[in-house]
Amino acid sequence: MGTRGVSIQNPLIEDLITMATEYASSGEYIKHHLQNLTYGQLPPGFERHDAHGNVEVLQQATWTFAHGAEEVKAMGFWSINVDSMLFSIGLGLIFLFLFRMAAKKATTGVPSGLQNFVEWVVEFIDTSVRGSFSHRNALVAPLALTVFIWIFLMNLMDLIPVDWLPYAASLAGVPYFKVVPSTDPNVTFGLSLSIFFLVLYYSVKMKGAGGFFSELAFQPFPKFLFPVNLLLEGVGLIAKPISLALRLFGNMYAGEMIFILIALMFGGGWILAVFGGALQWAWAVFHILIITLQAFIFMTLTIVYLDMAHAEHH
Amino acid sequence: MNFNATLIGQSITFIFFVWFCMKFVWPPIMNALETRKKQIADGLAAADRGKHELELAAKKAGDNMRDAKAQAAEVIAQAEKRAAQIIEEAKLAAKEEGDRQLAAAQANIAQETNRARESLREQVAGLAVAGAEKILRREVNAQTHADLLGQLKAEL
């Protein structure tokens, strides 16, 4: 970075540049860790800057992996975060595989090992659903189970030291590798929007379109104030999926960020590295609580929102 | 935050996972749990029932025991009573038999005595007559004095 052909005359400026370089490399490090491996199409005429400062102007639209935030932006909506998809699908498959194995072997006899654990989780989810959901719907409990375990597993990726998998990936020639799918807003919004559509579907199904509208328009204030009601309730309705997704994303993103900042200390001499190691361990232990809690909150709110969708208001 | 098609991919993945979970994971596990719960409840109920039955049986056994004891006591009492009765009857019979034999013996003795006395009297009378004949051979005509002799025989 520091070799951009700037003529250096003054030691002070030299120092400043060194500092800036270090800062820039820290910034680069963080940015690099927060960048998804995005596959998409770059438009024709796009100028690609490679690591050596060379510029390549694309003659035609090109499908490729994005290098840097600018390219991601240029790719627009029709691009995909390969790492997020890979890890979320992989973790989801692990979840389904384990639980399906236990389900296949489920007997009424004395459970052992995996079956015991799975039954414990299922019972826990079932109790949560019975506690918060007071209607009959065969979808809600499996939905809650999927949400809880899947999000938990995605969050769990946060406990793997931040550099391991990206470093392994870079050795394999993959430039970016974000291993925690729940730090990708696409993932959390994908979940929360799906749930939001379920909420809308059941609201209309249970109360009818008119009933749902009257719930939005004719309360909390009297009917003649329905524009105000509509505004208030509409905001409340829209806030559900957004808050659901942002809460999970924010927590995981912040946790990941702290891991990254701690990881920066490993480059600052061995005293700082040891301190960083201790800090990382402490934060990881604390993070176990956070990832479980976030998964649980997401699941509970899912159940509660669906319960509200089923409930008849007056 | 930039949104891209990952959003859609995630939604599809999510829907598939939920569908799979709802179809192939949740029902079998829940079934197993429910069935086991029922089995345990049934087992506990059966155990309770068994315990209850055991109590009843113990009570019944006690009752039976008491009845049997009472019956045995009754039987023994009856037997004792019967034995006493039999002894009493035997005593009575023995006494009767004794009395009867005594009476028969007495009658026999009386008969024998009478017979002895009769024969004795006849012999005495014979002797007396014989004596008298010897004395009176000469002067007493047997035919004239037959009445007198008969009278004398009767008196003896």
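To find a chain, count down the sequence lines: A is the first, B the second, and so on, and within it residues start at 1.
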Could you look at [X] and say if it's the side chain, the backbone, both or neither that has a heavy atom under 4.5 Å from chain B?
{"X": "A:Leu193", "value": "side chain"}
{"X": "A:Ile80", "value": "both"}
{"X": "A:Leu198", "value": "neither"}
{"X": "A:Val187", "value": "both"}
{"X": "A:Asn36", "value": "neither"}
{"X": "A:Thr38", "value": "side chain"}

Are [Y] and [X] an aromatic pair, judged by ring center distance below 6.0 Å?
{"X": "A:His135", "Y": "A:Phe133", "value": "yes"}
{"X": "A:Phe296", "Y": "A:Phe152", "value": "no"}
{"X": "A:Phe259", "Y": "A:His33", "value": "no"}

inquiry  = How about CZ on A:Phe77, more than 12 heavy atoms from neighbouring residues, nucleotides or ligands closer than 6.0 Å, or not?
reply    = yes

Open item on the list: Can you tell me if B:Gln39 has over 12 outside heavy atoms packed within less than 6.0 Å of its CD?
Closed with: yes

Among residues 23-31 of chain B, those lying within the under-4.5 Å heavy-atom range of chain A are B:Phe24, B:Val25, B:Trp26, B:Pro28, B:Ile29, B:Met30

Who wins among [options] for the most heavy-atom pairs under 4.5 Å with chain B?
{"options": "A:Ser88, A:Ala141, A:Ser84, A:Ala106", "answer": "A:Ala141"}
{"options": "A:Leu143, A:Leu93, A:Thr146, A:Leu96", "answer": "A:Leu96"}
{"options": "A:Ser192, A:Gly92, A:Ala138", "answer": "A:Gly92"}

**Engaged part of B:Ile8 at the chain A interface, taking heavy atoms whose separation is under 4.5 Å** =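 Interface part for B:Ile8: side chain.
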
Q) Is B:Glu112 salt-bridged to B:Arg115, going by a charged N under 4.0 Å from an acidic O? A) yes

request  = Would you mind checking if B:Arg66 and B:Asp63 are paired as a salt bridge, meaning a charged N to carboxylate O distance below 4.0 Å?
outcome  =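 Looking at B:Arg66 together with B:Asp63, the answer is yes, because their closest N to O distance falls below 4.0 Å.
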
**Study point:** Closest approach of A:Gln35 to A:Ala69 (non-hydrogen atoms, all atoms of both residues)
**Key:**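 Shortest heavy-atom contact: OE1-N, 3.2 Å.
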
### Query
For chain A, which of B:Ile12, B:Thr35, B:Ile15, B:Ile40 has the most heavy-atom pairs under 4.5 Å?
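The residue among B:Ile12, B:Thr35, B:Ile15, B:Ile40 with the greatest pair count is B:Thr35.
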
Give me the ring orientation class for B:Phe17 and A:Trp150: parallel if the planes are under 30° apart, tilted from 30 to 60°, perpendicular past 60°. perpendicular

For this session: Any chance you could lay out the ring pair (Phe, Tyr, Trp, His ring centres under 6.0 Å) test for A:Phe189 and A:Phe196, step after step, and finish with the verdict?
Result: CA-CA 10 Å; A:Phe189 272 96; A:Phe196 182 60; over 10 Å; no

ring-ring contact (aromatic ring centres under 6.0 Å, His included) filter on A:Phe99, not counting sequence neighbours, yields A:Phe95

